[in-house]
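We name chains A, B, ... by the order of the sequence lines, and we start the count at 1 in each one.
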2 protein chains.
Amino acid sequence: MNAPLVTILDDEPDIRHMLRDVLEDAGFRTQCFARAREFEAALQKATPDVCLVDLSLPDTDGLALVHRLALEQGAAVIIISGRAQVQDRVTGLELGADDYITKPFDPAEVVARVRARLRGTRTPQQPGRTARFAGWTAFFDRYALEDAEGGEVPFSHAEGEVLRLFLENPKRLISRAQMQESLGGAAGESFDRAMDVRISRLRTKLREDPKNPRLIKTIYGAGYIFLGDVSWS
Amino acid sequence: MNAPLVTILDDEPDIRHMLRDVLEDAGFRTQCFARAREFEAALQKATPDVCLVDLSLPDTDGLALVHRLALEQGAAVIIISGRAQVQDRVTGLELGADDYITKPFDPAEVVARVRARLRGTRTPQQPGRTARFAGWTAFFDRYALEDAEGGEVPFSHAEGEVLRLFLENPKRLISRAQMQESLGGAAGESFDRAMDVRISRLRTKLREDPKNPRLIKTIYGAGYIFLGDVSWS
DNA sequence: CCGGCTCGTAACAATTCGTAATATTCGGGC
DNA sequence: GCCCGAATATTACGAATTGTTACGAGCCGG
């Protein structure tokens, strides 16, 4: 995968070079242009991911350019302008710009806003966490455990909550109160025997020996402790 | 299609109401919250398109909330903050916010920036979209699924809506309320058992094993989750 | 009007999970 | 070691949630 390409269109050399330096330091590829004419010519060759455009250009109406860019190219457009009036910003954004930065600006903020544009349309494809321990592998995305031989044992939502709490706090004492806090969240007034049942069912799925539990150990009068080395991925 | 939903999370009533008024005038649906707790509860029911979040919340660390939002929800996040330092803005954006507005702000600019976000996230309904997942290929233009061997299974409009929702939000929990919101759109008064039936029929067409569904998983008391890696084209 | 299709409703089956009843274990006092 | 009350484990049951199937209303195209 190539580094994202950011184009800089600004007629002031100082600003142009400063932006180029800071963006390249941040790991982006850049292309600089002083005039809209050159910029549009370059568009034929490569499509940038983000376009920084200064509105005060000598050879074109910057806003019109932004409008065309937003319509025709897939790129995100960030306006950089000396005009700080609200009305200017509003019309810039209405014409299709994705962001509007006013001069003077801080280089670090520009980088952050460029990055925000690149995140752009996000599909929150959660990686789906898994944890390995004692021959088991827990897949929290699909609510299932896999033993060493690859046999699958599904677990329910409630069981998964308990399991996650244990796996996130291995070899540490977890009191009943903490569990209720972390899980049920709610009241906690009436019988918390529910928690016992949850743990019992979880132990069954982990094939624990009731007489001699090796993974989920009970500390009489204090709580539970999960033994076993956990590695998340 | 419903108007986009914008949530407003701010503990100052004046600002909250001002934002609500101006955004509703602009044609958006809005939901207001004073506390992060209520806000997160509402997320279970409906997915907003844009979230406005004030960082100075009494009951939570606003930045952590933004981070979670950006990661888990598909919504765009705009931070509204009284802190105007560059460093604040940079960290806000780095943590996943899509924009950062400092107080005092102009209502018109907020509307413009909300609109800019919506342009970004909205995927224009292209005519011939297809999605590949788990050996299947879904052709939404001709309402049919194709299995690995090329056998075709047609699906109906209602089934397609559910399938599309799943494929657009893979590996994410989708609550019943969100489904009704996205699909039936309407009231939601009478029995939503219709949704169960839709899903059942869809599962049948995907040849899911009722005992052990691999693609559409039920989370008791919470909703559904679609497993499987989706790639659109 | 008929036959096929879609899709919501309703009836019934299956699952989840908390409550309550029952059994077992723990720790201290003797 | 033995007994007892308390804490924990297990099991059984039932309410709520979800899955499945059957049925019928609505909608075409003949």
Report the nucleotide, chosen from [options], that has the shortest atom-to-atom distance to any side-chain atom of [X].
| X | options | result |
| --- | --- | --- |
| B:V197 | C:dA10, C:dG18, D:dG19 | C:dA10 |
| B:R201 | D:dT10, C:dG18, C:dG8 | C:dG8 |
| B:R203 | D:dT20, D:dA9, C:dC7 | D:dT20 |
| B:Y220 | C:dC7, C:dC17, D:dT8 | C:dC17 |

Does [N] have its OP1 or OP2 closer than 4.0 Å to a side-chain nitrogen or oxygen of [X]?
| X | N | value |
| --- | --- | --- |
| A:K211 | C:dT25 | yes |
| A:Y143 | C:dT16 | no |
| A:S200 | D:dA9 | no |
| A:S156 | C:dC17 | yes |

| Is there a donor-acceptor pair closer than 3.5 Å between any side-chain N or O of A:N169 and the backbone N or O of A:R172? |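 No, A:N169 side chain to A:R172 backbone: no donor-acceptor pair under 3.5 Å.
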| task | Could you tell me whether the side chain of B:R193 has a donor or acceptor atom within less than 3.5 Å of a complementary atom in the base of D:dG19? | result |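 Checked by distance alone, the answer is yes.
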| request: State yes or no: are the ring centers of A:F140 and A:W232 separated by less than 6.0 Å? | output: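 Distance test on ring centres: under 6.0 Å, yes.
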Atom pair distance, as rounded to whole Å: [atom1] in [X] and [atom2] in [N]:
| X | N | atom1 | atom2 | answer |
| --- | --- | --- | --- | --- |
| B:E159 | C:dT6 | CD | P | 7 Å |
| B:E208 | C:dA14 | CD | P | 20 Å |
| A:I219 | D:dA9 | CD1 | P | 11 Å |
| A:N212 | C:dC26 | CG | P | 11 Å |
| A:M195 | C:dC17 | CE | P | 13 Å |
| B:D196 | C:dA13 | CG | P | 17 Å |
| A:K217 | C:dC26 | NZ | C1' | 14 Å |
| A:I199 | D:dA7 | CD1 | P | 16 Å |

Check ion pair [X]-[Y] (N to O, under 4.0 angstrom):
| X | Y | result |
| --- | --- | --- |
| B:R16 | B:E12 | no |
| A:D98 | A:R117 | no |
| A:E159 | A:R198 | no |

| message | Any base atoms under 4.0 Å from B:Y224, or only sugar-phosphate, or nothing? Heavy atoms, all strands. | response |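 It contacts sugar-phosphate atoms only.
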